[in-house]
Amino acid sequence: MQQPAGNYYDKYHTRNPLARVLMNGFLKSFDSLVDRIDNPGSAFEVGCGEGELSIRLARRGIRASGVDIAPEAIAEARKRVLSAGVHVNLATGSIYELDVELNRADLVVCCEVLEHLEDTGAALDALHALCGRWLITSVPREPIWRVLNLARGKYVSELGNTPGHVRHWSSDKFLALLKTRFRVVECRTPLPWTMALCEPLR
């Protein structure tokens with residue numbers, strides 16, 4: 001995911017049993033939304049982090065690419081892609097500076113990124129421009145996210161806010177934001193996230 005340096009946490013390979021249950025719910029929701037899409041030939045993931053979602057898409061036979069602002073994340077993603085035996089084009093880059101013609105895809109994925117960005121309007125504009133047919137996006141669901149952090153004794157001095165999270169949305173507020181540029185086709189709420197499948201408004 002597109003995170004600031006020093007806030008790296010590999011949630012996909014965590015050994016924490018509760019975190020694994022939560023991540024399984026996240027991945028099940030993601031897969032079910034991809035199932036709703038009719039034959040996407042290409043996918044582009046913005047803020048791909050370690051590449052786990054792009055790998056899942058590539059295993060479906062979708063031509064997948066990904067970008068992340070952190071070079072160390074892309075280096076790790078390349079290792080995981082190689083280990084998975086699939087092909088995913090990966091590059092370092094910012095959501096605000098992407099080449100639309102080069103990276104436009106049937107499906108755009110942007111999960112666990114928008115909460116890190118100050119200019120969400122510009123970010124949504126970029127996603128809209130990249131999106132050929134579909135967008136799958138997710139953010140932490142507030143205030144549940146912070147409550148769960150406090151319950152496990154994390155970030156107490158920040159009232160449970162994860163370092164690097166500068167935007168916070170309930171499910172209703174996040175969907176309202178998306179509807180300024182997209183039609184929300186379906187919403188899933190795997191604890192503690194909001195995830196939506198959208199079509200771009202033209």
Side-chain angles (χ1 to χ4, degrees), residues 1-33 45-56 66-77 79-80 92-96 109-124 126-127 135-180 184 187-196 198:
M1 310 303 178
Q2 197 154 320
Q3 297 181 9
N7 190 31
Y8 177 77
Y9 170 60
D10 186 358
K11 55 185 168 290
Y12 294 105
H13 293 137
T14 179
R15 295 183 179 180
N16 182 293
L18 177 57
R20 291 181 69 173
V21 169
L22 296 179
M23 281 312 306
N24 286 339
F26 177 93
L27 294 171
K28 182 178 179 180
S29 292
F30 178 80
D31 289 341
S32 69
L33 291 182
E45 185 180 4
V46 181
C48 65
E50 310 91 347
E52 294 290 335
L53 297 183
S54 288
I55 289 170
R56 295 178 86 83
V67 64
D68 198 280
I69 198 169
E72 63 272 20
I74 292 298
E76 176 62 24
K79 293 178 184 177
R80 297 191 187 188
T92 303
S94 166
I95 189 173
Y96 303 121
V109 174
C110 186
C111 290
E112 307 309 285
V113 173
L114 294 174
E115 68 271 18
H116 297 281
L117 305 179
E118 290 284 357
D119 194 344
T120 51
L124 285 179
L127 295 175
L135 168 71
I136 295 178
T137 184
S138 70
V139 295
R141 181 158 28 115
E142 299 290 5
I144 294 174
W145 182 271
R146 281 175 288 184
V147 169
L148 289 177
N149 275 339
L150 288 172
R152 63 193 184 101
K154 294 291 186 180
Y155 317 125
V156 175
S157 64
E158 300 296 328
L159 299 179
N161 185 54
T162 301
H165 287 195
V166 297
R167 297 290 184 187
H168 310 89
W169 295 281
S170 65
S171 289
D172 287 345
K173 288 184 177 179
F174 183 57
L175 296 180
L177 174 71
L178 293 176
K179 288 175 181 177
T180 62
V184 176
C187 176
R188 299 292 174 92
T189 54
L191 189 71
W193 293 279
T194 303
M195 183 181 295
C198 307

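Fair warning: this is a prediction, and the values are worked out from it, not measured in the lab.
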(Q) Within the 4.5 Å heavy-atom criterion, are R167 and L117 side-chain neighbours or not? (A) no
Q: Can you measure from SG (C111) to CG (L53) and round to the nearest 0.5 angstrom?
A: 5.5 Å
Q. Between atom NE2 of H168 and atom NZ of K173, what is the distance when rounded to the nearest 0.5 Å?
A. 12.0 Å
Q | L159 side chain near R146 side chain, heavy-atom distance below 4.5 Å | A | no
Q.
Would L191 and R141 count as a side chain to side chain contact (heavy atoms under 4.5 Å, CB included) here? Give the steps.
A. CA-CA 8 Å; L191 189 71; R141 181 158 28 115; 4.1 Å; yes
Q: Would you name the heavy atoms of A77 and G49 that are closest together and state the gap between them?
A: CB-O, 3.5 Å
Q) Is W169 close to L177 at the side-chain level, that is, under 4.5 Å between some pair of heavy atoms? A) yes
Q) If you round to the nearest 0.5 Å, how far is CG of L33 from CG of L135? A) 10.5 Å
Q | P143, P192, P140 screened by side-chain contact (heavy atoms from CB on, under 4.5 Å) with L148, the one that passes | A | P192
Q: Check P71 against I69 and note the closest heavy-atom contact, atom names and distance.
A: CD-O, 3.4 Å
(Q) Quick check: closest heavy atoms across L150 and Y155, and the distance to 0.1 Å? (A) CD2-O, 4.3 Å
Q | Approximate separation, where rounding is to 0.5 Å, of L178 CG and L114 CG | A | 7.5 Å
Q. Tell me, do T194 and S170 make a side-chain contact under 4.5 Å, heavy atoms counted?
A. no
Let me check something: any side-chain donor-acceptor pairs from residues 21-30 under 3.5 Å, sequence neighbours excluded? List them with distances.
residue, atom, partner, partner atom, Å
N24, ND2, R20, O, 3.3
S29, OG, G25, O, 3.2

Q) OG/S32 to CE/M195 distance, rounded to the nearest 0.5 angstrom? A) 8.0 Å
Q: Output the distance between atom CG (D119) and atom CD1 (I95), rounded to the nearest 0.5 Å.
A: 10.0 Å
Q: Mind listing the closest non-hydrogen atom pair of S138 and E115 along with its distance?
A: O-OE1, 4.3 Å
(Q) Looking at every heavy atom in both A73 and D68, which two are closest together, and how far apart are they? (A) CB-OD1, 3.9 Å
Q: Taking the side chain as every heavy atom from C-beta outward, state whether T137 and F174 have any atom pair closer than 4.5 Å.
A: yes
**Q.** Closest contact, heavy atoms only, G93 versus V67
**A.** N-CG2, 3.3 Å
(Q) Over 60° means perpendicular and under 30° means parallel, so tell me whether H165 and H116 are parallel, tilted or perpendicular. (A) perpendicular
**Q.** Under 3.5 Å donor-acceptor, N149 side chain and K154 backbone
**A.** no
